[in-house]
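Remember, it's a predicted structure, so these values are computed and weren't measured experimentally. One is the number of the first residue; the rest follow in order along the sequence.
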Amino acid sequence: MDYTLNCNGRLLSLSEPRVMGIVNVTPDSFFADSRQQTDDAVARRVEQVLAEGAAIVDVGACSTRPGGQPVSEDEEWKRLSTALAIVRRIAPESVVSIDTYRPQVARRAVEEYGADIINDVGGPLTGDPTERPDDMLRMVVRLGVPYIYMSRKATVRDILLDFAQTVDTLRTMGQKDIVLDPGFGFGKTLQQNYQVLAQMERMAMVGLPLLVGLSRKSMIYRLLDTDPQGALNGTTALHAIALLKGASILRVHDVREAVETVRLVQAMANPAQPDPDRKGNNNESK
């Protein structure tokens, strides 16, 4: 998709699919290997996802795993601000998205650390009885940063209606850059997740880029009778399918594998591109 995100004055093109690398600063993410608990671990993880080819660093400090208990807003910000300070120190020019559902956390991340994108995971409200579901929409418009909206609807039809209504609201409010997320693993049964993936190309009618978050989720490891640690192969297979069905951004734990998947799918989609084999050898050994 020929779409560009304005990330604090820097243009991020989505003309080719991009990979978003997950940096979890939580003790309870569903994928244990993604949990970063010390400053050194966070720094190593940020360096890793960038070295492996991530275009976006997605920092999250409040797990939304099924059955999990959200931490307080103060605790989320404490974790997040520590991580953002590290990111800005070691990779000041990196494009950073914030994985949160709290408007005030989003505001502080943008205003105090120059966060580039708000990735709204659409979780529960903060507990403030005065807060309304559209508070995040108003906050993002005020901040003027790209916004990723995730739908928790269970069918493609309902997701499309949800997208259309939300995009219309955002456009009316003045929001420019919008990315849509079908919400795999949220509000859907195992079967519904695959039904949505099977029909995902229909979402192109909205005319906006799609972010897909499939990485090591239960829709993979439950079907394959394994666990998150054993779900990399299944994740890679579904990433290839998602790219063929129009995904513009893959949100992943395993950046290198996702970047390689993008390259392979792009090679198939653009077979006329120059062959990177400098020797020009077209023969493979048997």
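Using a distance-only test at 3.5 Å, with no hydrogens or angles considered, no donor-acceptor pair links the side chain of S94 to the main chain of V96. N193 places no side-chain N or O within donor-acceptor distance of the main-chain N or O of F184, the cut-off being under 3.5 Å. In this structure, the side chain of D177 does not engage the main chain of L5 through any donor-acceptor pair within 3.5 Å. Between the R107 side chain and the R142 main chain, no donor and acceptor come within less than 3.5 Å of each other.
Counting heavy atoms from C-beta on, the side chains of M219 and L238 come closer than 4.5 Å. Proximity of L180 to V167: side-chain heavy atoms (C-beta onward) are separated by under 4.5 Å at one or more points. Side chains of Q195 and T155 form no contact here, defined as non-hydrogen atoms less than 4.5 Å apart. In this structure the side chain of M139 never reaches within 4.5 angstrom of the side chain of V110, judged on heavy atoms.
What you find for H239 and S215 is that their closest heavy atoms are NE2-N, 4.3 Å. The nearest pair of heavy atoms linking A83 to V59 is CB-CG1, 3.9 Å. Considering all non-hydrogen atoms of both residues, M20 and I148 come closest at CE-CD1, 3.8 Å. Of all the heavy atoms in A106 and I118, the pair that sits closest is CB-CD1, 3.7 Å. The two residues P146 and C7 make their nearest non-hydrogen contact at CG-SG, 4.5 Å. Pairing each heavy atom of I220 with each of G234, the nearest pair is CG2-CA, 3.8 Å.
Distance check, rounded to the nearest 0.5 Å: CD of Q104 to CH2 of W77 gives 10.5 Å. If you take OH on Y101 and CG on D135, they are separated by 14.0 Å, rounding to the nearest 0.5 Å. The line from CD1 of I178 to CG of L208 is 5.5 Å long, rounded to the nearest 0.5 Å. For the atom pair E52 CD and E260 CD, the distance stands at 9.0 Å (nearest 0.5 Å). Note: N24 CG to R79 CZ = 10.5 Å, rounded to the nearest 0.5 Å. The distance from atom CG of L223 to atom OH of Y194, rounded to the nearest 0.5 Å, is 4.5 Å.
Clustering ILVMFWY residues whenever any of their side-chain heavy atoms sit less than 4.5 angstrom apart, transitively, puts V212 in the very cluster that holds L12. Both M173 and M136 are assigned to one and the same hydrophobic cluster, defined by single-linkage of ILVMFWY side chains at heavy-atom distances under 4.5 Å. Hydrophobic clustering, with ILVMFWY side chains joined whenever heavy atoms are under 4.5 angstrom apart, keeps I159 apart from L161. Tracing side-chain contacts under 4.5 Å through hydrophobic residues (I, L, V, M, F, W, Y), one reaches L197 starting from M205; they form part of the same cluster. A single hydrophobic cluster is seen to contain both L170 and L143, as judged by linkage of ILVMFWY side chains at heavy-atom distances under 4.5 Å, directly or through other members.
Within 6.0 Å of NZ on K188 lie more than 12 heavy atoms contributed by other residues, nucleotides or ligands. Within a 6.0 Å radius of CZ in R171, more than 12 heavy atoms belonging to other residues, nucleotides or ligands are found. The 12-atom threshold is not exceeded at CG of N233, counting heavy atoms of other residues, nucleotides or ligands nearer than 6.0 Å.
No side-chain donor-acceptor contact under 3.5 Å links N119 and S97. In the model, S81 has no side-chain atom that pairs as donor or acceptor with a side-chain atom of E112 under 3.5 Å. Using modelled atom types, one finds no donor on one side chain facing an acceptor on the other under 3.5 Å when comparing Q266 with R263.
Scored by the salt bridge (Lys or Arg N to Asp or Glu O under 4.0 Å) test, K245 finds E201 as partners (sequence neighbours excluded). By the side chain to side chain donor-acceptor pair (under 3.5 Å) test, Q175 pairs with no residue at all, sequence neighbours left out.
When each of R18, R251, R45 is checked for a salt bridge (charged side-chain N to carboxylate O under 4.0 Å, His left out) with D58, only R251 meets the rule.
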For the pair L80 and Y113, evaluate side-chain contact (heavy atoms from CB on, under 4.5 Å) and give the outcome as yes or no after the intermediate values.
CA-CA 10 Å; L80 191 60; Y113 291 95; over 6 Å; no
L264 and T261: CA distance, side-chain angles, deciding distance, side-chain contact (heavy atoms from CB on, under 4.5 Å) verdict:
CA-CA 5 Å; L264 292 169; T261 303; 5.7 Å; no
For side-chain contact (heavy atoms from CB on, under 4.5 Å), just list the numbers for V252 and T235, CA-CA rounded to whole Å, side-chain angles, deciding distance to a tenth of an Å, and then say yes or no.
CA-CA 9 Å; V252 309; T235 295; 5.9 Å; no
Going through the checks in order, is the side-chain contact (heavy atoms from CB on, under 4.5 Å) test met by T236 and D254?
CA-CA 9 Å; T236 300; D254 308 281; over 6 Å; no
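Comment: R88 engages D116 in a salt bridge, judged by a side-chain N to carboxylate O separation of less than 4.0 angstrom.
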